[in-house]
K.L.:
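The structure is given below, and queries will be raised subsequently.
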Amino acid sequence: MPESTAMSRQRSSALITLSVAAGLLIVFFAAGRIGGLRVNMTPSEPLGLWRIIPLTRAARSGDTVFVCPPDNAAMREARQRGYLRPGLCPGGFAPLIKTVIALAGQRVDVTDRIAIDGVPIARSRIMEKDGQGRSLRHDQSEMVRPGEVYLHSNFIGSWDSRYFGPVPVSGVLGLAQEVLTYAP
């Protein structure tokens, strides 16, 4: 077989393989968007595939939710520092997966850790510096206002309300349901 014919067949096979892979990737992403699937690659919650379940009731304390962070200075700085990934939320942020720990009317006390209505929250220690030694601002003690929720993750390095405060309930996309996850 002439060398040019063999090269042509190799190119053709490579093109077919790449086309099939690209097609499967497009189908996977489309199915994910339609089915509310998201991939979590941060240690704030177990790694892997999650589903957004529409929330047909008010958010409750203890709910693990997907939430679009507000487009504000704290979030833009977090994006620059690499705490947030790019995504389709306003401001170009990816949704966060966090647990609601306080609702409107509850008092959040921020000292070296978080307490809600005087009850300390486990694994809520406040870090003064991030993993690269940069100073972290933290939230102030306050009452959660109507239309807001206070978010937390048990992961010590989580970027959550300890550092950016309550977020609007309007940013909650739905409940976070594990589909296929791994907790290291």
K.L.:
For residues Thr64 and Lys98, is any side-chain donor paired with an opposing acceptor at under 3.5 Å?
P.N.:
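Absent: no donor and acceptor within the cut-off.
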
K.L.:
Just so I know, are the side chains of Asp112 and Ile126 near enough to count as touching, which here means a heavy-atom distance under 4.5 Å?
P.N.:
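Side-chain contact under 4.5 Å: no.
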
K.L.:
For Phe93, what residues pass the ring-ring contact (aromatic ring centres under 6.0 Å, His included) criterion, not counting sequence neighbours?
P.N.:
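By the ring-ring contact (aromatic ring centres under 6.0 Å, His included) rule, Phe93 matches no residue at all.
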
K.L.:
Check Ser124 against Ile114 and note the closest heavy-atom contact, atom names and distance.
P.N.:
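Minimum heavy-atom contact is OG-N, 3.0 Å.
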
K.L.:
Side chain to side chain contact (heavy atoms under 4.5 Å, CB included) for Val100 and Arg60? Distances and angles first, verdict last.
P.N.:
CA-CA 7 Å; Val100 176; Arg60 297 180 189 145; over 6 Å; no

K.L.:
Start with the C-alpha distance between Glu142 and Arg107, add both sets of side-chain angles, then the distance that settles salt bridge (charged side-chain N to carboxylate O under 4.0 Å, His left out), and finish with yes or no.
P.N.:
CA-CA 6 Å; Glu142 62 189 314; Arg107 176 149 183 87; over 6 Å; no

K.L.:
Quick one, Val67 and Val167 - any side-chain contact, counting heavy atoms below 4.5 Å?
P.N.:
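Yes, their side chains come closer than 4.5 Å.
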
K.L.:
Decide whether Tyr150 and Phe66 are clustered together by the hydrophobic rule: side chain heavy atoms of Ile, Leu, Val, Met, Phe, Trp, Tyr closer than 4.5 Å, transitively.
P.N.:
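Looking at the clustering, Phe66 is in a separate group from Tyr150.
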
K.L.:
Could you measure the distance from the OG atom of Ser44 to the CG atom of Asn154? Nearest 0.5 Å is fine.
P.N.:
10.0 Å

K.L.:
Supply the atom-to-atom distance Met127 CE to His138 NE2, rounded to the nearest 0.5 angstrom.
P.N.:
12.0 Å

K.L.:
Would a 4.5 Å heavy-atom cut-off, applied to side chains only, mark His152 and Arg162 as touching?
P.N.:
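In contact.
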
K.L.:
In Å and rounded to the nearest 0.5 Å, what is the OH to OH distance from Tyr163 to Tyr83?
P.N.:
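Here the interatomic distance stands at 9.0 Å.
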
K.L.:
Hey, can you tell me if Phe164 and Trp159 have their rings parallel, tilted or perpendicular (30° and 60° cut-offs)?
P.N.:
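Taking Trp159 first and then Phe164, their aromatic rings sit tilted (interplane angle of 30° to 60°).
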
K.L.:
Using every non-hydrogen atom in the two residues, find where Ser61 and Leu103 come nearest and quote the distance to one decimal.
P.N.:
N-CD1, 3.7 Å

K.L.:
Rounded to the nearest 0.5 Å, what separation is found between the OG atom of Ser153 and the CZ atom of Arg123?
P.N.:
9.5 Å

K.L.:
Quick one: do Ile97 and Ile121 end up in the same hydrophobic cluster if we chain Ile, Leu, Val, Met, Phe, Trp and Tyr together by side-chain heavy atoms under 4.5 Å apart?
P.N.:
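No, no single cluster joins them.
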
K.L.:
Hey, are the side chains of Cys68 and Leu173 touching, using non-hydrogen atoms and a 4.5 Å cut-off?
P.N.:
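Yes, their side chains come closer than 4.5 Å.
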
K.L.:
Between Leu136 and Lys129, is there a side-chain heavy-atom distance shorter than 4.5 Å?
P.N.:
no

K.L.:
Side chains of Arg79 and Pro86: does their closest heavy-atom pair fall under 4.5 Å?
P.N.:
yes

K.L.:
If I take atom CZ from residue Arg81 and atom CG from residue Asp130, how far apart are they, to the nearest 0.5 angstrom?
P.N.:
5.5 Å

K.L.:
Could you go through Thr42 and Asn40, starting from their C-alpha distance and side-chain angles, then the distance that decides it, and tell me whether this counts as side-chain hydrogen bond (donor to acceptor under 3.5 Å, both in side chains)?
P.N.:
CA-CA 6 Å; Thr42 69; Asn40 178 43; 2.8 Å; yes

K.L.:
Would a 4.5 Å heavy-atom cut-off, applied to side chains only, mark Arg76 and Asp71 as touching?
P.N.:
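Side-chain contact under 4.5 Å: yes.
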
K.L.:
Are Leu37 and Leu47 connected in the hydrophobic side-chain network, where two residues link if heavy atoms are under 4.5 Å apart?
P.N.:
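Each belongs to a different hydrophobic cluster.
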
K.L.:
Pair up each side-chain donor or acceptor in residues 175-183 with any protein partner under 3.5 Å, not counting sequence neighbours, and list the distances.
P.N.:
residue, atom, partner, partner atom, Å
Gln177, OE1, Arg51, NH1, 3.4
Glu178, OE1, Thr181, OG1, 2.4

K.L.:
Measuring from Ile101:CD1 to Asp63:CG, what's the distance to the nearest 0.5 Å?
P.N.:
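Spacing of CD1 (Ile101) from CG (Asp63) equals 13.0 Å.
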
K.L.:
Quick one: do Phe155 and Leu96 end up in the same hydrophobic cluster if we chain Ile, Leu, Val, Met, Phe, Trp and Tyr together by side-chain heavy atoms under 4.5 Å apart?
P.N.:
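No.
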
K.L.:
Test of understanding: clusters of I, L, V, M, F, W, Y form through side-chain heavy atoms closer than 4.5 Å, transitively. Do Val65 and Trp50 belong to the same one?
P.N.:
no

K.L.:
Taking all non-hydrogen atoms of both residues into account, name the closest pair between Ser141 and Asp109 and its distance.
P.N.:
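Residues Ser141 and Asp109, closest heavy atoms: OG-CA, 3.4 Å.
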
K.L.:
Evaluate the side-chain proximity of Leu151 to Pro166: yes if any heavy-atom separation is below 4.5 Å, no if none is.
P.N.:
no

